[in-house]
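The structure appears below as structure tokens.
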Amino acid sequence: MKKILVTGSLGQIGSELATALCNRYGANNVIISDIREKRSDDETAECKCAVLDVSNVKQIARIVHEEKITVIYHLAALLSATAENNPQLAWDININGLYNILEVAREYNCAVFTPSSIGAFGPTTPAENTPQDTIQRPTTIYGVTKVAGELLCDYYYKRFGVDTRGLRYPGIVSYKTLPGGGTTDYAVDIYYEAIKQKKYTCFLKAGTFLDMMYMPDAIKAAIDLMEVDPDRLAHRNAFNVTGMSVDPEKIAASIRQHIPDFVIDYDIDPVRQGIADSWPNSLDDSAAREEWNWEPEYNLDRMTEEMLKCLKEKLL
Ligand code: SER
């Protein structure tokens, strides 16, 4: 039986992934962890919860040893805009944190899931239908940590046999826990503001196309990838995956099918616009489809319908 540790469990992906893992493997087989104590308003799994700073290798080793962990979903990381504000901290958490996890995984023979990102690409990457294997010269510290992380995970697999696997996530949209400090966060904020005031001021320009994915698909992708027979995997770190390629106008049009008087206007944040402009417009996820049958369930309109319905219940 798998015994799972999730780091960054109180973050946007971690909180929902932890719940899905508890449902699938049993709450007794999942330990959630984060750098801070869980609060009563945190929407996450009901299971054992530890405070864990991923920059402390001894703390990680202690939990893995005591709890007999076999799989680590390592989600603790800074997102792109926050990372750009504090590159040193971003390196420390995103790289040294991952290195510590991999070292403990090597010692205790754990499998490791690590999210990479569309941020692992840069301005010289082909922007349309970005291939699985292509140029990766990102110009953000976030991207630098993601590419280095992909390489480090592949290295630990080849050199030490650690079962590392990863996904290049696009922007993740969900109605439960908010993302924090990402360039794609507008695609979540827009739904909150549509419900609250039928109006949204976007920090990215109209026409800025980026890949997005609805949370249930992001969770399914992580679990399916970690369950697939390793003999099928030609790639490991990390697979392109996407649910849709959209810009703010496309999301606004989809919202207007439900809220006809919804209005979008723009107040551009040059930092996040610069980051978005350096990322692909659309990913080719055929390697994931071939190697482990990846297929998203949500397109833009289906996601919009569910986001608006769930946020109405949550906010009104
Ligand atoms: N959602 C992330 C960000 O915007 C991309 O991986 O930083």
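None of the values given here were measured: they were computed from a predicted structure. First listed ligand is number 1; within each ligand, the first listed atom is number 1. Note that these values count all heavy atoms, side chains included, but never hydrogens, waters or copies made by symmetry.
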F203 CZ to I268 CD1 distance, which is reported to the nearest 0.5 Å:
9.5 Å
Minimal heavy-atom distance between G119 and P138, with the atoms involved, is O-CB, 3.6 Å
Hey, which residues fall under 4.0 Å of ligand 1 on heavy atoms?
L79, S80, S117, Y142, G182, T183, T184, W279
Atom of A18, atom of T44 and distance for their closest heavy-atom approach
CB-OG1, 3.9 Å
Gap between atom CG of D247 and atom CZ of F209 - 0.5 Å precision
4.0 Å
Of all heavy-atom pairs linking D34 and S9, the shortest is OD2-N, 3.3 Å
Applied to residues 96-118, the ring-ring contact (aromatic ring centres under 6.0 Å, His included) test, sequence neighbours excluded, yields H65-Y108, Y73-F113
